[in-house]
Amino acid sequence: MLYRETGQYKTSYQADQAIFPIAQDRWFVFAVIAVAVFVVPFALDDYLVNAVMLPFLIFSLAALGLNILTGYCGQVSLGTGAFMAVGAYSTYKLVTAFPDLNLAIVVLLSGLVTAAVGVLFGLPSLRIKGFYLAVATLAAQFFLIWMFYKVGWFFNYNMTGQITMPNADVFGVQVTGPGAAPAARYLFCLGIVMVFALAAKNIVRGRIGREWMAIRDMDIAAEIIGIRPLQAKLSAFAVSSFYVGMAGSLYFGVWLGAAEPGEAFGIERSFLVLFMVIIGGLGSIVGNFFGAAFIVLLPILLKNLMVDGIGVEVVTAKHIEITLMGMLIIFFLIVEPHGLARLWQIAKEKLRLWPFPH
Amino acid sequence: MQTQKKIGDVVLAVDSISLSFGGVRALTGISFEVREHQVLSIIGPNGAGKSSMLNVINGFYHPQEGLITYRGVTRKQMRPHEAARQGIARTFQNIALFKGMSTLDNIMTGRNTMMHRGLFWQALRRGPAEREELAHRERVEQIIDFLEIEHIRKTPVGKLPYGLQKRVELGRALAAEPSMLLLDEPMAGMNVEEKQDMSRFILDVNDEFGTTIVLIEHDMGVVMDISDHVVVLDYGRKIGDGPPDEVRNNQAVIDAYLGVAHD
Amino acid sequence: MDWLFLTEVVLSGLMTGVMYSLVALGFVLIFKASGIFNFAQGVLALFAALALYDFLAPEGWFNQLFGFTLPVPLAILATAGVMVIVAWLIERLVLRHLVNQEGIILFMATIGLAYVLEGVGDLLFGSDVKPLDVGLPRGASDWLLDGFGLYIEKLEIVAAVTAALLVTVLALFFQYTRIGRALRAVADDHQAALSVGISLRTIWVIVWAVAGIVALVAGIMWGSKSGVQFSLSLIALKALPVLILGGFTSVPGAIVGGLIIGVGEKVAEIYLGPYVGGAIENWFAYMLALAFLLFRPQGLFGEKIIERV
């Protein structure tokens with residue numbers, strides 16, 4: 001009743017191709033953005049920012065990157081953690097070398113560096129597919145983490161081997177380091193995520209997105225109709241790594257403030273982002289937000305329910321979390337491989353018919 | 001009765017093509033010519049090497065011997081995206097559509113080689129990239145109109161019935177505005193009505209756009225009706241090459257189809 | 001050039017390689033028969049070792065429920081039984097529903113499976129390190145030490161012999177038995193196998209059960225060597241390069257691949273490690289696999305894939 005397209009005619013291809021063709025969708029999205037920008041900053045406290053909002057935004061960005069590579073272009077990657085590390089270490093080197101640089105520029109540059117590294121490790125994908133490519137990305141994962149441990153230049157030869165983020169600001173507002181206001185950190189990340197989510201949506205619905213999907217669906221046919229697999233795959237690696245690098249930069253710079261390679265960027269991180277992409281929905285932009293929200297909130301919910309609520313031990317709760325995560329992955333892969341994004345779509349379609357059942 | 005159409009000069013010539021896979025000989029010493037604006041059919045019993053021949057023409061298989069001359073340039077082998085860029089488009093025996101995308105998107109991929117706006121403009125969308133996208137969308141919609149598939153333009157092709165998928169695949173090939181179209185059993189698995197529709201589309205394409213058509217087909221009625229020229233393959237060798245009537249009466253061809261033993 | 005030392009390094013690498021091969025074997029089995037790359041193979045080995053420990057230890061569930069612990073041979077049999085049940089559950093709850101999905105989906109499902117098995121294993125048995133003693137000989141081989149000056153652990157020799165036996169049995173099984181043939185048919189084409197009356201489900205349960213038992217053997221070897229702990233499941237990650245080298249569908253390939261990786265790693269660590277700060281073992285295997293992927297993607301013994309349109 002509320003959610004109907006009646007009266008909404010498209011009189012141009014441009015209107016037909018809009019991201020949100022249905023007016024109600026547009027209003028909904030604007031409302032969400034308005035709340036996110038104008039309401040949430042005032043409702044924030046340190047805990048909410050650190051435990052929920054920042055990881056949600058940062059992992060959404062990482063998931064966006066991985067989804068581009070795996071969901072849209074069909075190239076499996078288990079190296080997300082290591083590429084986040086590349087972004088983080090790029091940020092560290094840039095900020096320690098140029099302390100007055102606007103952090104937004106630092107984040108962008110970190111993304112570009114990661115894109116270059118991504119292209120390098122993506123070169124094998126031209127001859128390798130499927131699981132084999134997953135192994136190649138594992139090579140990247142283990143090698144890069146080892147490199148960040150061993151090669152002193154990356155952590156400025158400091159004693160601990162750890163990297164710590166100095167204070168940095170954006171247009172005069174401090175967003176990193178202990179003195180930064182929660183709202184500032186939140187808004188900075190929000191801004192980056194919104195801009196680049198829109199960019200990602202635009203890319204995947206245009207020529208390049210179609211090339212990626214063609215490679216994913218049937219790369220032989222794609223080559224025969226004139227798409228160059230080399231360029232398509234490398235562009236997927238580049239764009240994906242750019243996003244993942246930025247996520248790593250924010251992860252270290254704005255959220256954690258300090259990091260050690262194995263712990264922050266190890267293979268568990270790669271799996272975590274992959275799970276977000278699967279649960280959120282392969283080949284979806286909005287799905288990444290669902291997936292990230294799900295994975296970020298699940299441990300918190302479980303902890304509140306089990307540890308605080310029923311009095312289960314923290315260690316046991318962790319084991320249950322792992323089991324539950326695995327079961328959910330299997331569940332989604334069996335029941336809805338297109339993840340929460342498809343479930344959302346189905347819910348909207350039911351809503352269009354409401355109150356009629358079909 | 002077809003009105004007399006202008007058949008042009010030789011646009012594609014294959015010369016003594018031989019192709020093997022491991023120990024299996026798919027093609028032996030095949031030579032024939034295709035003329036511009038012609039509809040040429042390649043026929044023959046199953047396993048005769050017809051699909052392999054098409055695959056050699058557009059560069060998916062590389063022959064061990066022989067030469068391919070396309071538009072005056074002679075090569076030992078083609079490369080797939082070179083063939084695409086030189087105006088050769090094709091359809092496949094087992095449909096090779098992109099199952100994860102809609103009809104519209106599938107046909108739009110046929111235009112990808114003509115779209116040039118880079119990553120930055122694509123990310124921005126508004127401006128040059130959008131204009132390019134809309135211009136190509138216009139052309140694709142014309143093809144959708146021509147093939148009468150408007151009602152399924154947003155449907156994921158994986159969900160379409162076989163006959164419609166074949167039509168979408170033809171659409172994708174047409175989207176590239178090819179000068180030569182290679183069709184691998186475009187009417188396989190279709191009923192009489194669908195075959196009539198498909199024949200009509202193929203003839204219309206040949207008529208309106210002058211596209212040269214090389215076609216593999218099993219239905220003799222269709223072949224004899226729409227072809228200007230027929231090449232017959234059997235066990236990887238050419239056993240017939242001429243206008244439909246001549247081939248129809250060729251004893252070797254009749255033997256091949258009736259299964260007379262070879263020495 | 002210290003030849004004795006080099007020999008020791010190579011032999012040590014070979015022994016580690018055998019251990020890798022044991023795990024890789026399980027992968028090959030499942031991949032051969034169901035086309036699935038089972039990421040959970042390492043966790044299966046861990047789970048098997050945990051279950052075995054439980055049957056043997058006084059503080060385990062079994063003792064608490066029934067009041068006695070099992071002698072080693074019975075415990076091993078019981079664990080094998082557990083693995084068969086696990087295989088049946090996996091087929092019933094997971095595989096059955098993913099029959100026609102593409103490889104990448106199946107692979108990710110096995111990642112989920114690995115997490116489930118790990119979590120359940122931790123919940124049931126606890127995540128502390130447990131010693132595993134099934135009566136395998138310990139310490140260095142005196143004969144080799146005294147006779148040739150080589151330090152090789154007896155345990156590793158036992159592992160090598162067991163692996164050799166397993167490989168022979170499996171290879172014969174695949175080639176000459178009816179079930180082995182059916183397994184190969186299923187690996188080739190699910191639909192075709194179904195159409196000649198082969199029950200996919202039964203085959204899958206058999207394969208995963210056999211893989212589970214192979215995992216059990218691997219678990220026993222690794223567990224005896226370094227205790228039953230979580231890192232056992234990470235061995236799965238090491239098995240990947242082994243399979244790349246050996247080919248995903250080859251049983252002898254898994255062995256050869258494992259040996260090459262084992263030796264390669266050790267040699268690289270000892271001789272190259274000092275120049276770059278050590279710990280090369282973390283990634284050397286992968287780089288080696290990567291190199292192979294670029295030049296010989298099907299591995300040493302795998303089948304070359306011809307794409308047809």
Side-chain angles (χ1 to χ4, degrees), chain A residues 10 12-19 21 68 71-74 112 115 195-232 234-236 238-239 242-243 281-284 337-338 342 345, chain B residues 55 58-60 79-92 95-101 104-106 108-126 129-138 140-141 153-154 157-158 169 172-173 175-176 178 182:
Chain A
K10 306 286 177 288
S12 69
Y13 293 133
Q14 185 175 24
D16 184 56
Q17 284 180 332
I19 295 179
I68 284 176
Y72 283 97
C73 196
L112 286 173
V195 166
F196 285 101
L198 179 62
K201 183 70 184 176
N202 282 337
I203 295 175
V204 301
R205 60 192 180 117
R207 164 182 71 90
I208 300 180
R210 281 193 295 271
E211 276 181 12
W212 290 340
M213 290 192 273
I215 297 282
R216 173 196 69 192
D217 287 343
M218 198 182 273
D219 51 356
I220 304 172
E223 190 175 358
I224 290 180
I225 64 172
I227 294 174
R228 290 180 184 269
L230 168 68
Q231 286 166 354
L234 287 183
S235 70
V239 174
F242 177 70
Y243 277 72
L282 287 158
S284 152
H338 296 279
R342 175 59 62 87
Q345 230 180 16
Chain B
N55 283 337
N58 87 303
F60 187 59
R79 295 196 181 285
H81 58 257
E82 248 171 57
R85 273 153 218 265
Q86 296 218 16
I88 302 180
R90 67 168 289 179
T91 65
F92 301 85
I95 301 177
L97 285 173
F98 305 120
K99 296 272 159 83
M101 293 197 257
L104 180 60
D105 279 336
N106 263 280
M108 287 287 277
T109 62
R111 307 246 355 139
N112 261 27
T113 54
M114 301 178 225
M115 296 174 78
H116 301 295
R117 287 296 170 192
L119 190 60
F120 173 73
W121 293 113
Q122 296 279 338
L124 196 58
R125 184 78 175 192
R126 288 243 184 262
E130 193 169 41
R131 284 197 293 271
E132 186 183 59
E133 180 93 3
L134 291 172
H136 287 284
R137 170 87 187 256
E138 284 256 14
V140 166
E141 288 286 345
R153 64 155 79 72
K154 294 276 172 84
V157 298
E169 214 192 4
R172 185 181 66 185
L182 308 175

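Throughout, protein chains are lettered first and strands after them, A, B, ... in sequence-line order, and every chain is numbered starting at 1. Because the structure is predicted, anything quoted here is derived from the model rather than measured.
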Relative to chain A, which segment of [X] carries a heavy atom at a distance below 4.5 Å: side chain, backbone, both, or neither?
| X | answer |
| --- | --- |
| Leu182(B) | neither |
| Asn112(B) | both |
| Thr113(B) | side chain |
| His136(B) | neither |
| Glu82(B) | neither |
| Leu119(B) | both |
| Leu104(B) | neither |
| Arg172(B) | side chain |
| Arg117(B) | backbone |

Quick check on [X] against chain B: is it the side chain, the backbone, both or neither that has a heavy atom closer than 4.5 Å?
| X | result |
| --- | --- |
| Val204(A) | neither |
| Arg205(A) | both |
| Ala200(A) | neither |

Atom [atom1] in [X], atom [atom2] in [Y]: separation rounded to 0.5 Å?
| X | Y | atom1 | atom2 | answer |
| --- | --- | --- | --- | --- |
| Gln231(A) | His81(B) | CD | NE2 | 8.5 Å |
| Glu141(B) | Tyr13(A) | CD | OH | 4.0 Å |
| Asp217(A) | Thr109(B) | CG | OG1 | 10.0 Å |

Requested in this report: Determine yes or no for a side-chain-to-main-chain donor-acceptor pair under 3.5 angstrom, with Arg125(B) supplying the side chain and Ile203(A) the backbone.
Outcome: no
Report task. For the pair Asn202(A) (side chain) and Gln122(B) (backbone), establish whether a donor and an acceptor sit closer than 3.5 Å, ignoring hydrogens and angles. Result -> no
Query raised in the report: Where do Ala96(B) and Ala221(A) come nearest, in terms of heavy atoms and distance?
Result: O-CB, 3.6 Å
Report summary line: In terms of heavy-atom contacts, Gly118(B) and Ile208(A) come closest through C-CD1, 4.5 Å
Report summary line: Note: vs chain B, highest number of non-hydrogen pairs under 4.5 angstrom among Gly206(A), Ala214(A), Ser12(A) is Ala214(A)
Report task. Using a cut-off of under 4.5 Å on heavy-atom pairs, state which of Glu211(A), Met213(A), Arg228(A) scores highest against chain B. Result -> Arg228(A)
Query raised in the report: Going by heavy atoms in the side chains, are Ile225(A) and Phe98(B) under 4.5 Å from each other?
Result: yes
Query raised in the report: Does some side-chain heavy atom of Met114(B) sit less than 4.5 Å from a side-chain heavy atom of Arg207(A)?
Result: no
Query - Closest-packed option against chain A by number of heavy-atom pairs under 4.5 Å, given Arg137(B), Met115(B), Glu138(B) - result: Arg137(B)
Query - Heavy-atom neighbours of Arg85(B) CZ exceed 12 at 6.0 Å - result: yes
Query raised in the report: Does the pair Glu133(B) and Arg210(A) meet the rule for a salt bridge (charged side-chain N to carboxylate O under 4.0 Å, His left out), with working shown?
Result: CA-CA 12 Å; Glu133(B) 180 93 3; Arg210(A) 281 193 295 271; 2.9 Å; yes
